Amino acid sequence: MGIGFKELLIILAIALLIFGAKRLRTIGSDLGGAVKGFRKAMDSEDEKETQQLNSPQKDADFNSTSEKSGSKSSNA
């Protein structure tokens with residue numbers, strides 16, 4: 001079902017033939033940097049979300065808006 005060791009070696013050999021050793025190295029480092037940046041962004045977003053969930057939040061004051069709208073409808 002998954003990719004075995006032999007299949008992985010064949011894929012790497014084909015990639016080496018197509019791109020060459022130097023280009024394949026830069027592709028690998030670019031891909032690694034992209035994954036590292038993605039993980040860093042995900043971790044920072046998770047941290048922000050955790051801080052927002054843990055910080056006390058003031059509830060919305062719905063009474064003041066309903067009083068204003070109630071006074072408008074009673075004048076009509």
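What you see is a predicted model; the values in this text were computed from it and never measured.
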Distance from L24 atom CG to L31 atom CG, nearest 0.5 Å? 10.5 Å
CG of D30 to CZ of R23, rounded to nearest 0.5 Å, is 7.0 Å
Could you see if F19 belongs to whatever hydrophobic cluster contains L16? Use Ile, Leu, Val, Met, Phe, Trp, Tyr and a side-chain cutoff under 4.5 Å. yes
Got more than 12 heavy atoms from elsewhere within 6.0 Å of CD, E49? no
Nearest heavy-atom contact between L8 and I3 is N-CG2, 3.8 Å
Members sharing L9's hydrophobic cluster, built from side-chain contacts under 4.5 Å between Ile, Leu, Val, Met, Phe, Trp and Tyr, are F5
Would E47 and D43 count as a side-chain contact (heavy atoms from CB on, under 4.5 Å) here? Give the steps. CA-CA 6 Å; E47 187 177 311; D43 288 343; over 6 Å; no
Shared hydrophobic cluster for I27 and L17 (ILVMFWY, side-chain gaps under 4.5 Å): no
